[in-house]
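In what follows, a structure is listed as structure tokens, so that the remarks can point back to it.
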Amino acid sequence: MSGGSSPRSRRSSFNSLSRDLELPSEQGCLSVIVLGASGDLAKKKTFPALFHLFAQGFIQSGEVHIFGYARSNLSDDGLRERIRGYLKGASEEHLSDFLQHIKYVSGSYDSGEGFEKLNKEISEYEKSNKSESPRRLFYLALPPSVYPSVCKMIRTYCMNPSGWTRVIVEKPFGKDLDSAEELSAQLGELFDENQLYRIDHYLGKELVQNLLVLRFANRLFLPLWNRDNIDNIQVFCLVAMEKPVSLKPEHIRDEKVKVLQSVNPIKHDEVVLGQYEGYKDDPTVPDDSNTPTFASVVLRVHNERWEGVPFILKAGKALSSRKAEVRVQFKDVPGDIFKCKRQGRNEFVIRLQPSEAMYMKLTVKKPGLEMATEQSELDLSYGMRYQNVKIPEAYERLILDTIRGDQQHFVRRDELKAAWQIFTPLLHDIDEGKVKSIPYQPGSRGPKEADELSERVGYMQTHGYIWIPPTLA
């Protein structure tokens, strides 16, 4: 694994940060239990993330054991061979060592026999390690429909008698406010909030992690980040929240909840839904399906900082490009003597994937003898600036955060409720056919009505400018 520091120094920094955030220190052997171990999520995301943490020294031989649990009839070696091809980026020695830390237990998800067997295997490992305060992390790489029954089995048969027990659950957390609240209530009866980690992998991405630092550690942005200077923004919570009291997880999550609770009800005329042509060709899709494969929604925040600034959320399938980015567009320059509108507005763009980067679109003088302007950029492309640094996958960071008890990048119950309160009325209107999906061509930008909506609420598209990720060549 490439990187700029040794496993020992990384662990030292890790422990120092834990003290700064008042997190409990790492103690005791660690058991990571992957439920749904034979499924795609586990083999493509969960086990590779654990392997990378192991290879970098964040979890170490002698203190960790990994248990796979599923209904499939597999041996230990059978599971190891199933996931081996997905474990890349380290030496064969690291790989062989990691695989020897994996054990498989077969059982159902709704009966006690399998979980009793699982608990026995975990307990035997903990006894052999002679740890006084062992740690148990359960990762539910499973459909949400089985969360309640699986969590009940964990609570009944597999709780840690002397150390902590934590449970990671995957999205989706319900399909509307009522179902989300029902799921939260079921899990809340079994575990305290500090034992539950609702994982949203976007919150673990490197550039999302950088948002707090960019906003609150740079004097440049502090006076600009408000309705006086910003015309519109594309993405939401971490961009809109106020500065937290500290970096403690609960202080950060408090501010996220506050901004969600400040969102006005969504208006139908600020929503565009789309469905790509050919979607209904799938025999499993009804001929009259209104299911959106594209959505553009405008959120309005009713507070002093953001009153009047549209937050444009846009996502879709079968589009012309596959990317995720935050786009902050600033207002026009007053008294524009250089006619900058011809080039376009200043924009601060945070590109989450692919080709991670941050760049500021600026109007500059075109080189030459004439006073002509063009749009260029100040560019921090991670592939150029950090050539010898491995950018971690989101799942690596979030699993590590769970191990150290840092919940700031996970969704708290009241945050989940506030988010569903915003979108549930719209989702019900879609189900009832009150908002229709517009056909669009695969490989396009989506319905033209989406661009018209963005333009109507104030976004000005820059024509003729294309950001090209810089290369060493």
Side-chain angles (χ1 to χ4, degrees), residues 28-55 58-90 92-129 131 134-143 145-147 149-160 163 165-170 197 199 395-396 399-400 402-403:
C29 65
L30 173 65
S31 298
V32 181
I33 303 94
V34 181
L35 297 133
S38 60
D40 277 356
L41 175 62
K43 68 184 181 183
K44 293 179 180 178
K45 296 295 183 182
T46 315
F47 283 114
L50 290 167
F51 174 56
H52 292 150
L53 291 174
F54 183 85
F58 286 110
I59 55 177
Q60 294 189 328
S61 180
E63 71 174 23
V64 67
H65 213 70
I66 299 168
F67 299 85
Y69 184 91
R71 291 179 296 218
S72 303
N73 186 19
L74 288 172
S75 63
D76 295 348
D77 287 338
L79 177 60
R80 292 166 186 162
E81 285 306 308
R82 179 169 292 201
I83 66 174
R84 175 185 284 271
Y86 296 91
L87 309 180
K88 303 180 185 299
E92 182 62 31
E93 181 182 358
H94 269 124
L95 176 58
S96 298
D97 190 11
F98 175 76
L99 290 172
Q100 291 308 306
H101 288 75
I102 294 177
K103 186 170 185 61
Y104 183 74
V105 178
S106 176
S108 69
Y109 296 124
D110 56 2
S111 67
E113 183 179 355
F115 284 88
E116 284 183 312
K117 182 180 178 182
L118 174 63
N119 185 65
K120 181 180 178 183
E121 295 284 355
I122 299 170
S123 299
E124 288 179 357
Y125 160 65
E126 292 170 345
K127 288 177 183 176
S128 67
N129 194 272
S131 175
R135 301 167 290 166
R136 296 186 183 185
L137 169 58
F138 292 85
Y139 193 114
L140 273 58
L142 295 165
S145 58
V146 301
Y147 287 173
S149 61
V150 168
C151 285
K152 187 174 182 179
M153 292 295 111
I154 294 172
R155 184 75 206 181
T156 304
Y157 298 101
C158 297
M159 292 299 288
N160 199 333
T165 300
R166 294 172 185 156
V167 180
I168 295 178
V169 294
E170 281 271 356
Y197 289 71
I199 195 170
Y395 283 93
E396 296 173 40
I399 290 173
L400 183 60
T402 306
I403 293 170

Any carboxylate oxygen within less than 4.0 angstrom of a Lys/Arg side-chain nitrogen, looking at K127 and E124? no

Reference residue V32; test side-chain contact (heavy atoms from CB on, under 4.5 Å); the match among I168, L50, T402: L50

S128 side chain vs Y125 backbone, donor-acceptor pair below 3.5 Å: yes

Give me the ring orientation class for H94 and F54: parallel if the planes are under 30° apart, tilted from 30 to 60°, perpendicular past 60°. perpendicular

Test side-chain contact (heavy atoms from CB on, under 4.5 Å) applied to V146 and L35, step by step: CA-CA 11 Å; V146 301; L35 297 133; over 6 Å; no

Under 3.5 Å: donor-acceptor pair, side chain of T165, backbone of R136: no

Going by the rule ring-ring contact (aromatic ring centres under 6.0 Å, His included), which residues pair with Y147 if we only count those two or more places apart in sequence or in a different chain? none

Sub-4.5 Å side-chain heavy-atom contact between L41 and T46: yes

What distance separates I199 CD1 from L140 CG, expressed to the nearest 0.5 Å? 11.0 Å

Just how far is it from atom CD1 of I154 to atom OH of Y109, taken to the nearest 0.5 Å? 11.0 Å

List the atom of F98, the atom of F47, and the distance in Å for their closest heavy-atom pair. CZ-O, 4.0 Å

Given side-chain contact (heavy atoms from CB on, under 4.5 Å), test Y86 with K45 step by step and report yes or no. CA-CA 9 Å; Y86 296 91; K45 296 295 183 182; over 6 Å; no

Value rounded to 0.5 Å, distance of CD1 in I399 from CZ in F58: 13.0 Å

Inter-residue atom distance I66.CD1 - I59.CD1, 0.5 Å rounding: 5.0 Å

At their closest point, which heavy atom of I403 faces which heavy atom of R135, and how far apart are they? CG2-NH1, 3.8 Å

Electrostatic pair R84-E92, nearest N-O below 4.0 angstrom: yes

Less than 4.5 Å apart, side chain to side chain, heavy atoms only: is that true for L53 and E396? yes

Just verifying a value: how many Å separate F138 CZ and F67 CZ, rounded to the nearest 0.5 Å? 9.5 Å

Closest non-hydrogen atoms of N160 and P134, given as atom of the first, atom of the second and distance, are ND2-O, 2.6 Å

Just wondering, are more than 12 heavy atoms of other shown residues or ligands nearer than 6.0 Å to NZ in K43? yes

Side chains of F115 and V150: closer than 4.5 Å at any heavy-atom pair? yes

Considering all heavy atoms, the nearest C158-N119 contact: CA-OD1, 3.5 Å

Distance in Å, E81 CD paired with L99 CG, rounded so as to fall on 0.5 Å steps: 7.5 Å

Considering non-hydrogen atoms only, spot the tightest contact between V64 and H101 and give its length. O-CD2, 3.1 Å

I want to check something: taking the side chain as every heavy atom from C-beta on, are E126 and S31 in contact at a cut-off of under 4.5 Å? yes

Side-chain polar contacts of residues 69-79 - donor-acceptor pairs under 3.5 angstrom, sequence neighbours left out - could you list them?
from: Y69; atom 1: OH; to: S108; atom 2: N; distance (Å): 3.4
from: Y69; atom 1: OH; to: S108; atom 2: O; distance (Å): 2.6
from: S72; atom 1: OG; to: S38; atom 2: OG; distance (Å): 3.1
from: S75; atom 1: OG; to: G78; atom 2: N; distance (Å): 2.9
from: D76; atom 1: OD1; to: Y104; atom 2: N; distance (Å): 2.8
from: D76; atom 1: OD2; to: K103; atom 2: NZ; distance (Å): 3.4
from: D77; atom 1: OD1; to: R80; atom 2: NH1; distance (Å): 2.8

For Y157 and E116, work out which heavy atoms get closest and say how close. CD2-CG, 3.3 Å

